[in-house]
Number of protein chains: 2
Amino acid sequence: MPAERTRSTGRDRLRDSALAGDLSFLLARANALALAAANAALATHGLKARSYSVLALAADDVRPTQRELAEFLRLDPSQVVALVDGLEQRHLVERHADPADRRANVLVATDAGRALFARARDAVRAVGIDSLSVVPAQDRARLARLLRLLAFPD
Amino acid sequence: MPAERTRSTGRDRLRDSALAGDLSFLLARANALALAAANAALATHGLKARSYSVLALAADDVRPTQRELAEFLRLDPSQVVALVDGLEQRHLVERHADPADRRANVLVATDAGRALFARARDAVRAVGIDSLSVVPAQDRARLARLLRLLAFPD
DNA sequence: CTGAATAATTGACATTCTCAATGGTTCGTG
DNA sequence: CACGAACCATTGAGAATGTCAATTATTCAG
């Protein structure tokens, strides 16, 4: 085996490329890794990152309308319909008529939904802490703050 | 119109939710915005973020194999086949037999590929600078460094 | 030399994305 | 109040992506 040679493995060549310095690329790759880890942790609870996010907002008493969910999660409204359908059929959330606007549905978690969310959240936290271990503790708050600027530019 | 009332619009309620503080969520949303902006900028060049990334690595003389591309871009190898097929049919890249391993294809950009990449890169840079304008200039290098830790944890 | 592992490819299938159209509701304006 | 424009949720269709198993050619370890 080559022991101490040119130090230019294919992996290093890729990581030293111009693309690897691109913020959008780093964002995409970091997201892909985080998403895979989250989905793996959520699988045992019958959830994915998407359904987990919806359940989280419902369980947090945010009372979002489907339209708000679509904008917040960057989904097409029709995808939110399917997502809520799935959660509602499992009796984890309910569509409540919005008293202020009868066109809109407000999403509310059931007791079962809150219970499942609590368990799922613990699982997600475990892998989240694990992934975050690579970034120094003192930088984590700053990273979150900077990411928030990109996630909510307005 | 409500002028100065409860200050609790649906948007604010969502942004103040626990989910909005989650790093994975911020990553997902920031990535969704960056991806949409990049795709919009690339559309006029007949590229998307995926094909742009492949072209970028080929044009940068990284000479990646398809297997390396799959790992780097977090794609299934079969998706890389389709991606490279598309670029090769447009004569932007070529599959070269890897002299060191005849199972592998090394990806090389054609002159046309390099020319198109140069134009596409200018377009994505323009929107990249625009998106980055929300994060203070002195924080940008730090953000990239922290994101790199998440994107390449090993 | 032989068998296990790997790179690329194909094909099948599931999931997700993107759009256009629809019914019911709200809102601004006359 | 009546009108039409805008908006919310929903459905459905078709494209794009993701996932996985099987195949061929090649490399590698023993």
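Given the structure is predicted, the values throughout are model-derived calculations rather than measurements. Here is the naming used below: chain letters follow the sequence lines, and residue numbers restart at 1 for every chain.
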- Message: Using a 4.0 Å heavy-atom cut-off, does Arg74(B) contact any base of the nucleic acid, only the sugar-phosphate backbone, or nothing at all?
- Response: nothing
Problem set entry | Under 4.0 angstrom between Arg103(B) side-chain N/O and dT26(D) OP1 or OP2 | no
Ordered by number, residues from residues 26-52 of chain A within less than 4.0 Å of DNA chain C (heavy atoms) are Lys48(A), Arg50(A)
Margin query: For Asp101(A), is there an ion pair with Arg67(A) - N to carboxylate O distance below 4.0 angstrom?
Written below: no
From the candidates dT25(C), dA8(C), dA9(D), the one with an atom nearest any side-chain atom of Ala104(A) is dA9(D)
Sequence neighbours excluded, the answer for salt bridge (Lys or Arg N to Asp or Glu O under 4.0 Å) partners of Arg114(A) is Asp61(A)
*Side-chain donor or acceptor of Ser17(B) paired with backbone N/O of Leu57(A) under 3.5 Å*: no
Phosphate OP1/OP2 of dT10(D): any Gln66(A) side-chain N/O under 4.0 Å | yes
Assign each of Asp101(A) and Leu75(A) the nucleotide of DNA chain C bearing its closest heavy atom; nearer the 5' end lies the nucleotide of Leu75(A)
**OP:** If the plane angle is over 60° it's perpendicular, under 30° parallel, otherwise tilted; pick one for Phe152(B) and Phe72(B).
**Re:** parallel
Check: Below 3.5 Å, does any donor atom in the side chain of Ser78(A) face an acceptor in the base of dC19(C), or the other way round?
Finding: yes
At less than 4.0 Å, is any side-chain N or O atom of Arg95(A) found next to OP1 or OP2 of dT10(D)? Yes or no.
yes
- Message: Salt bridge check, Asp60(A) against Arg13(B): does any charged N sit closer than 4.0 Å to a carboxylate O?
- Response: no
Of dT10(D), dT9(C), dG18(D), the nucleotide closest to the side chain of Pro77(A) is dT10(D)
From the candidates dT10(C), dT16(C), dT25(C), the one with an atom nearest any side-chain atom of Gln79(A) is dT16(C)
* In terms of side-chain geometry, is the basic nitrogen of Asp22(A) or Arg29(A) positioned less than 4.0 Å from the acidic oxygen of its partner? -> no
(message) Measuring to OP1 and OP2 of dT27(D), would you say a side-chain N or O of Arg102(B) lies under 4.0 angstrom away?
(response) yes
